[in-house]
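Structure, as structure tokens:
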Amino acid sequence: MVKVLKRAFFERPTLEVAPELLGKEIILKQSKKKYKLGIIVEVEAYTHDDPACHAARGKTPRNEVMFGRGGFSYVYFIYGMYYCLNFVTEKADIPGAVLIRALEVCDEDDIRVASGPGKLCNYLKVTKEHNKIDCCNKDSSLIVVDNNYYKDKQFSIIQTNRIGISKAADYPWRWYIKESKAVSKILS
DNA sequence: TGCTGGATTATC
DNA sequence: ATAATCCAGCAA
């Protein structure tokens, strides 16, 4: 039984949603019978009053989806070669999103094939075509479900600083699962 | 219209 | 430490 995360899960304060996404499972449908799965083990939060947020200086064609309802995907292209996957949070007109930074995969030889925001999109084959998908609709090609490997296990969450940004670098808005070997980078 | 730098990653 | 490689956002 697949339990797709509901709109109400995403339409809450970004800082509450972000850590709760840890341990949830992303399912991406690549074709009729082909799926890619991954458990979220690392996230970062970006809010409306956050200088590092793409939506900080108003609505643009790129960040438009962040101003809509929660539960939609926000995918953007960066550094000329990578895509990043986010889930929109908060109710309509309040921009906010959670960047998915790492997934743990079970059916691959390399447990770190999706350990980084660019690598995970490469693994799932996420592109700009996956922007603005309603992930609360069970028929969508991209959904987040509550069934997962960590669900019935004891796991601890580490909260620390975000990675790779210059603005508001001191905000402790990155969370990851301590026990996972697929976390992108452990700061010491 | 032109320029700058980025929510990255692999490699030197 | 730096190259790879595009394009959004802003200045003019």
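Below, chain A is the first sequence line, B the second, and so on; all start at residue 1.
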Could you work out which one of C:dA4, B:dT9, B:dG6 sits closest to the side chain of A:Y79? B:dG6

What is the distance from OH of A:Y83 to P of C:dC6, rounded to the nearest Å? 11 Å

Look at all strands and tell whether A:G118 reaches a base, only sugar-phosphate, or nothing, counting heavy atoms closer than 4.0 Å. sugar-phosphate

A:I143: which of A:I27, A:D134, A:I26, A:N137 passes side-chain contact (heavy atoms from CB on, under 4.5 Å): A:I27

How many whole angstroms separate atom CH2 of A:W175 from atom P of B:dA7? 17 Å

Do A:Y76 and B:dA7 have a side chain to base donor-acceptor pair shorter than 3.5 Å? yes

Check this one for me: any side-chain N or O of A:S166 less than 4.0 Å away from OP1 or OP2 of B:dG6? yes

Rounded to the nearest angstrom, tell me the gap between atom CZ in A:R162 and atom C1' in B:dG6. 14 Å

Check the distance between B:dA7's P and A:M81's CE and give it to me in whole angstrom. 16 Å

CG/A:L15 to CH2/A:W173 distance, rounded to the nearest 0.5 angstrom? 5.0 Å

Should we say atom CG of A:D93 is surrounded by more than 12 heavy atoms from elsewhere, each under 6.0 Å from it? no

Hey, does the Lys NZ or Arg CZ of A:R7 hover above the aromatic six-ring of A:F9, less than 6.0 Å from the centre and inside 45° of the axis? no

Between C:dG9, B:dA7, C:dT5, spot the one nearest the side chain of A:Y46, thanks. B:dA7

Phosphate OP1/OP2 of C:dG9: any A:T60 side-chain N/O under 4.0 Å: yes

Below 4.0 angstrom, N of the basic side chain to O of the carboxylate: do A:R101 and A:E44 qualify? yes

Send over the distance from A:I165 CD1 to B:dG5 P, rounded to a whole Å. 17 Å

Quick one: does NZ or CZ of A:K36 land under 6.0 Å from the six-membered ring centre of A:Y123, within 45 degrees of the ring axis? yes

In whole angstroms, how far is the C1' atom of C:dG9 from the CE atom of A:M66? 14 Å

Closest to the side chain of A:R101, out of C:dG9, B:dA7, B:dA10, is B:dA7

Among B:dT8, B:dT9, C:dG9, which nucleotide sits nearest the side chain of A:I78? B:dT8

Within the structure, does a side-chain N or O atom of A:R57 lie under 4.0 Å from either OP1 or OP2 of C:dC10? yes

To the nearest angstrom, the NZ-P distance between A:K167 and B:dG6 comes to 7 Å

Roughly, in whole Å, what's the span from CG in A:N63 to P in B:dA7? 13 Å

Selection from B:dA7, B:dT9, C:dT5 that lies nearest to any side-chain heavy atom of A:K119: B:dT9

Nearest to the side chain of A:F77, heavy atoms from C-beta on, is which of C:dG9, C:dC6, B:dA7? C:dC6

Applying the Watson-Crick and G-U wobble criteria at under 3.5 Å, what pairs with C:dA8? Answer none if nothing qualifies. B:dT4

May I ask you to say what A:Y82 touches in the nucleic acid, namely base, sugar-phosphate or nothing, with a heavy-atom cut-off under 4.0 Å? base

Test for a donor-acceptor pair under 3.5 Å between the base of C:dA8 and the side chain of A:H54, counting only N and O atoms. no

